[in-house]
Structures are given as C-alpha cells and as structure tokens.
Trainee: 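Starting off with a structure, shown below.
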Amino acid sequence: LFVYNTLLDGYCKAGKLSVALDVYSQMERKGISPDAFTCSILMKSYCGEGRVEEAESLFQKINNAGVSPNVVVYNILIDGYCKEGSMEKALKFYSQMTDDGVRPNIITYSSLIDGYCKRGDMEAAMELYSETVVKAIEPDVVVYTALIDGHFKNDNMQAALTLFREMIEASITPNAFTISCLIDGLCKDGRVNDAVKLLGEGQTSPALRKMLQVDSSCSFLNGIVYTSLMQGLCKDGRILRASKLFSELRCHGLKPDTIMFYVILQGHFRSKNLPDVMMLQADMLKVGIMPN
RNA sequence: ACUUACGAAGAAA
C-alpha cells in the first residue's frame, strides 16, 4: 500500500492523473484496499484539474468502503471548493468534519480564509481569523499572508498594514510570500517608492531585518517581487528604472520569464519606445522564451 | 536533515 501510494503521488504530481487512476484500479483488482493517503492523493489531483465533484465522489466512495476521512482528506475537499469559489459547499464539509469529530486545523482555516479573500468577502475572512484565535488555533504566516493579500486586493491598504504589524507583534516571521504580497500591494496602490524603500532597507539594514525577524539568508528579491516593482514603475511612467531592474535580474541569480518580458514590453509600448520593443523581442528569443 | 497526502504571492486572457 505504501509503495502504491508513493507511486500514485508521483504520477499525480507529474500531472498524469489518468495513469494514476489506472494504477489505482490495478490496486483494487489486486485486493489492496486504499487508505486515507490514497484518497487524499487522488482527490488533490482531481481538484488540481478543477474536477472537484469527482474528488467528492471518490471521498464518498472511500468513505462508504469504511475508510474514515481524516483532517487532510477534509482539507483537500474544502480547499478544492474554496478555490472554485463555492464557499457554501466548503462550509458544508467544514461542519461535517466537526460533526465527525475531526478537528479543523490551521490549514482548514487558511483554505477557508483564502477562499473568502479571493471572493472579496474580507468580513467573513476576518471573522474566521478571529475564530482561530478563540479556538486557540494559532494563525500562522500563511494565514496572515492570505489576509494581507486579500486586504490589498480589496483596496484596504490600511487593514493590510495593520495585520502586517500584528503579525510581527505576534512573533510570526514574514517570508518571501508575505513580502511579495506587501510589495505588490504597495505598487498597485501607487506607492512604488515605499515598496522600493522597504526592500532596499530590508536588504541592507540589519535593524529592519531584525524588526522583520528575518535572517540574512532570507532573500526577498525573488522574481515575483521584481515583477511587481517593474510593473509599478512602468505604470508610473518610469520605464527607464524598470528596464534597469530588468537588466540587473541576472546579477541576483534570477532569470527573466515570460511575465517579466510582458510587463517590460507593455511599459515600452506605453512610452511608445518602438525600437526598444524590437530589441526586447530579439532578447527574448535569445534567452529561449517563446512569446505566448 | 528531508523523505506516501492538505493551505498563501507577480502579467495577460
């Protein structure tokens, strides 16, 4: 069973669900009965392809076969429904798991919270956040990051920054995800300068690093942060600064991807720099990126 | 050290 599960997980992670399902029926033929691991591996793959209904069927089937769903199995189903925006169904399984005596954990909450954030229902998201505090399920960096991102995307920079502060006060260390949400949010709010400043300080100032409680090995300057900054600069008409960032990517061990090229191209178009557009196009082919 | 399963970030459509 262990070997089969490992194999199933491998196929699923390689995006070959159909092969995994073949292997699964082979298991059934051999009389090897699935367990919660088997169930969660296949369900996750179904959800990843947007086939949440089929994940639920499998859930019911295995449930009927006498495998009791554990917290991971429930989490996958709940997250699947959250990602497709069906919060009602997600909540249904959330209460079902509670009735089954399966305790929701921080991952359950972060799926639900992110689901509400993506739907723009920050009130519901914040309510669940308070619930974690009440139930003594410590909110972690993922929950805070989802909420910060949600607040920014729903045009509430103040709430986002307040949560960021609270998170640090709670001694939760922001990671690269957290920082990229902050930077992207600031940029989209037209505060590119603040974003650059925050990053610059984070790179150089031990004091800020200490305040953010990150160690020196944590680099926030990943490709996503660069993209946000470049887009912010472009929208601000500062295509030269953006191009400069773009050209220094390599010095930081990053390589430009399709999205970055798109952002910079768009910037040149905005500034009507047709010659630069042509040059970029050539560069793009040179580094082996095909326009999509 | 990790080692069968679950949650958060960038362009466009």
Side-chain angles (χ1 to χ4, degrees), chain A residues 1-13 20 23 34-48 55 59 62 67 69-83 90 93 97 102 104-118 125 128 132 137 139-153 160 163 167 172 174-188 195 220-232 234-235 242 254 256-267 269 289 291-292:
Chain A
L1 181 58
F2 184 96
V3 172
Y4 265 110
N5 284 341
T6 309
L7 195 58
L8 288 178
D9 191 45
Y11 277 122
C12 287
K13 293 217 161 102
V23 175
D35 63 359
F37 280 81
T38 322
C39 185
S40 58
I41 290 164
L42 293 174
M43 281 172 61
K44 163 113 203 276
S45 195
Y46 272 127
C47 291
F59 171 87
I62 293 195
V67 181
N70 61 16
V71 62
V72 175
V73 171
Y74 271 112
N75 283 348
I76 291 173
L77 197 53
I78 289 171
D79 187 58
Y81 278 125
C82 287
K83 289 225 161 64
F93 284 100
M97 84 190 276
V102 179
N105 60 16
I106 191 60
I107 296 187
T108 320
Y109 277 97
S110 87
S111 290
L112 289 168
I113 287 172
D114 187 54
Y116 278 123
C117 288
K118 295 262 149 58
L128 278 172
T132 62
I137 302 172
D140 64 6
V141 60
V142 177
V143 168
Y144 276 105
T145 304
L147 284 168
I148 289 171
D149 188 52
H151 277 130
F152 269 119
K153 295 205 159 89
L163 268 174
M167 155 180 188
I172 293 166
N175 60 20
F177 278 64
T178 322
I179 301 301
S180 68
C181 290
L182 264 179
I183 298 300
D184 186 60
L186 289 171
C187 287
K188 295 222 163 87
F220 299 137
L221 271 181
N222 61 22
I224 294 186
V225 166
Y226 263 102
T227 311
S228 297
L229 287 173
M230 292 187 298
Q231 183 177 228
C234 286
K235 282 197 173 143
L254 301 167
D257 62 17
T258 315
I259 299 186
M260 298 178 190
F261 269 106
Y262 191 94
V263 167
I264 294 293
L265 270 175
Q266 206 176 36
F269 270 115
I289 292 180
N292 61 18

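Heavy-atom basis, side chains included; hydrogens, waters and symmetry copies ignored. Letters A, B, ... are given to chains in the order of the sequence lines, protein chains preceding strands, and every chain is numbered from 1. These figures come from a predicted structure and were not determined experimentally.
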Trainee: If you walk 5' to 3' along RNA chain B, what is the first nucleotide with an atom under 4.0 Å of a heavy atom in chain A, and what is the last?
Mentor: rU4(B) to rA12(B)
Trainee: Hey, could you give me the CG/OG distance between Asn105(A) and Ser111(A), rounded to the nearest 0.5 Å?
Mentor: 9.0 Å
Trainee: Using a 4.0 Å heavy-atom cut-off, does Lys83(A) contact any base of the nucleic acid, only the sugar-phosphate backbone, or nothing at all?
Mentor: sugar-phosphate
Trainee: Does Thr6(A) reach a base, just sugar-phosphate, or nothing at all? Heavy atoms under 4.0 Å.
Mentor: sugar-phosphate
Trainee: Quick one: salt bridge (charged side-chain N to carboxylate O under 4.0 Å, His left out) partners of Asp140(A), sequence neighbours excluded?
Mentor: none
Trainee: So does Tyr11(A) have more than 12 non-hydrogen atoms from other groups sitting under 6.0 Å from OH?
Mentor: no
Trainee: Mind checking if Val263(A) touches a base, just sugar-phosphate, or nothing, with heavy atoms under 4.0 Å?
Mentor: sugar-phosphate
Trainee: Within the 4.0 Å heavy-atom criterion, would you say Asp35(A) contacts the bases, only the backbone, or no part of the nucleic acid?
Mentor: nothing
Trainee: Have a look at Val143(A) and say if it touches a base, only the backbone sugar-phosphate, or nothing, with a 4.0 Å heavy-atom cut-off.
Mentor: base
Trainee: What does Leu1(A) touch in the nucleic acid at a heavy-atom separation under 4.0 angstrom: a base, only the sugar-phosphate, or nothing?
Mentor: nothing
Trainee: Can a donor-acceptor pair be found between the side chains of Thr178(A) and Asn175(A) at a distance below 3.5 Å?
Mentor: yes
Trainee: Under 6.0 Å between the ring centres of Phe37(A) and Phe2(A)?
Mentor: no
